[in-house]
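Here the structure is a predicted model, which is why all the values come from computation and not from measurement.
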Amino acid sequence: MPGPDHRPAAAPMPDADTQCAGFRQARLARKTALIEDYVELIDDLLNDGQEARQVDIAACLGVSQPTVAKMLVRLEADGLVTRRPYRGIFLTGAGQEMARASRARHHTVEQFLRALGVSEASARIDAEGMEHYVGAETLRAFRHALEAGLAAFMAKAGKRHDD
């Protein structure tokens, strides 16, 4: 068993402004991740030809209906959804835009992971969490790498582990 002398050298700490920006971005992502998940799910249900009902949202997210009810109050107050008695939940224009942006981020992250050789199932699951934390610059870099042929490069390098 290696002793303390065999630990890899730690990277130097970033300056305070850089570290603060990283923590700020992570806090904002945590704050918006759940909202984005709800909005994207509602959009998915509506696009699938179903009604977006509280019971369906609870079943899909694996949470209780009272939990969904609380979030719907918040989403309505934030101007992302409208609710009509006995007619379900609908997205506002702002809600539709949030769902579109979230779905696009998810797709980019998932495709990037697939290009690296991550299995389809793992890429889908991992992208669901990562999509909220990836900044605009990183997403642009992911897209650029994909457009430049990352998948072909990884396949040629023998690093793909397709399922």
Side-chain angles (χ1 to χ4, degrees), residues 11 13-48 50-83 88-148 150-151 154 159-163:
M13 283 196 54
D15 64 85
D17 289 339
T18 302
Q19 192 168 26
C20 181
F23 288 136
R24 189 178 314 112
Q25 180 175 328
R27 282 192 305 273
L28 179 60
R30 275 192 300 275
K31 183 178 174 183
T32 61
L34 191 57
I35 292 169
E36 289 174 342
D37 285 343
Y38 270 82
V39 168
E40 191 174 357
L41 175 59
I42 292 166
D43 192 51
D44 288 342
L45 290 168
L46 294 171
N47 287 335
D48 195 38
Q50 300 179 43
E51 264 192 295
R53 299 176 308 151
Q54 187 171 308
V55 64
D56 301 321
I57 295 167
C60 289
L61 293 175
V63 298
S64 69
Q65 286 194 50
T67 298
V68 173
K70 288 178 193 173
M71 179 56 82
L72 291 175
V73 168
R74 179 177 179 183
L75 295 176
E76 194 168 28
D78 288 349
L80 298 169
V81 302
T82 58
R83 297 186 290 169
I89 301 138
F90 301 90
L91 294 177
T92 63
Q96 291 171 349
E97 177 54 29
M98 178 181 278
R100 186 208 58 75
S102 182
R103 186 173 292 106
R105 279 195 321 273
H106 180 102
H107 180 74
T108 298
V109 172
E110 186 174 335
Q111 292 306 308
F112 185 78
L113 294 173
R114 290 290 294 140
L116 292 177
V118 175
S119 72
E120 184 176 348
S122 289
R124 179 169 289 128
I125 291 166
D126 291 345
E128 186 55 50
M130 294 169 65
E131 73 187 63
H132 304 290
Y133 292 88
V134 177
E137 179 182 358
T138 301
L139 278 172
R140 283 191 302 273
F142 283 7
R143 284 199 274 317
H144 180 73
L146 289 165
E147 291 164 4
L150 177 63
M154 292 301 290
K159 299 295 182 191
R160 290 195 56 99
H161 303 287
D162 287 331
D163 38 336

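- Heavy atoms only, all atoms of each residue included: Arg53 and Ile89 are closest at C-CD1, 4.0 Å.
- In this structure, CD on Glu128 lies 6.0 Å from CD on Glu40, to the nearest 0.5 angstrom.
- The shortest heavy-atom contact between Ala52 and Ile42 is CB-CG2, 3.8 Å.
- Side-chain atoms of Arg124 do not come within 3.5 Å of backbone N or O of Glu120 as any donor-acceptor pair.
- Shown here are the side chain to side chain donor-acceptor pair (under 3.5 Å) partners of Asp126, two or more places apart in sequence or in another chain: there are none.
- Of the charged side-chain nitrogens involved, at least one lies within less than 4.0 Å of a carboxylate oxygen, so that Glu97 and Arg100 count as a salt-bridged pair.
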Test log, rule side chain to side chain contact (heavy atoms under 4.5 Å, CB included), inputs Val134 and Arg105: CA-CA 8 Å; Val134 177; Arg105 279 195 321 273; 5.8 Å; no
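- Atom-to-atom distance recorded for Leu80:CG and Met71:CE is 10.0 Å, nearest 0.5 angstrom.
- Arg114 and Ser119 get closest at one heavy-atom pair: NH1-C, 3.3 Å.
- In this structure, Asp43 CG and Ser102 OG are separated by 10.0 Å, a value rounded to the nearest 0.5 Å.
- Residues Tyr38 and Val63 form a side-chain contact, since some pair of their non-hydrogen atoms from C-beta on lies under 4.5 Å apart.
- Each of Thr82, Val39, Leu75, Val81 was checked for a side chain to side chain contact (heavy atoms under 4.5 Å, CB included) with Thr92, and the lone residue meeting it is Thr82.
- Leu113 CG to Ile125 CD1: the interatomic distance, rounded to the nearest 0.5 Å, is 11.5 Å.
- Salt bridge present: Arg103 and Asp44 bring a charged side-chain N and a carboxylate O closer than 4.0 Å.
- Taking both residues in full, the closest heavy atoms of Gly88 and Glu51 are given as N-OE2, 3.7 Å, listed atom of the first, atom of the second, then distance.
- For Thr138, there are no side chain to side chain donor-acceptor pair (under 3.5 Å) partners, not counting sequence neighbours.
- Scanning all heavy atoms of the two residues, the minimum distance from Val109 to Glu131 falls at CG2-CA, 4.2 Å.
- A distance of 11.0 Å separates CD in Glu110 from CE in Met130, rounded to the nearest 0.5 Å.
- Taking CG of Leu34 as the start and CZ of Arg74 as the end, the distance is 7.5 Å to the nearest 0.5 Å.
- Between Ser122 and Val118, the closest heavy-atom pair is CB-CG1, 3.6 Å.
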Check against side chain to side chain contact (heavy atoms under 4.5 Å, CB included), Asp37 and His132: CA-CA 9 Å; Asp37 285 343; His132 304 290; 2.9 Å; yes
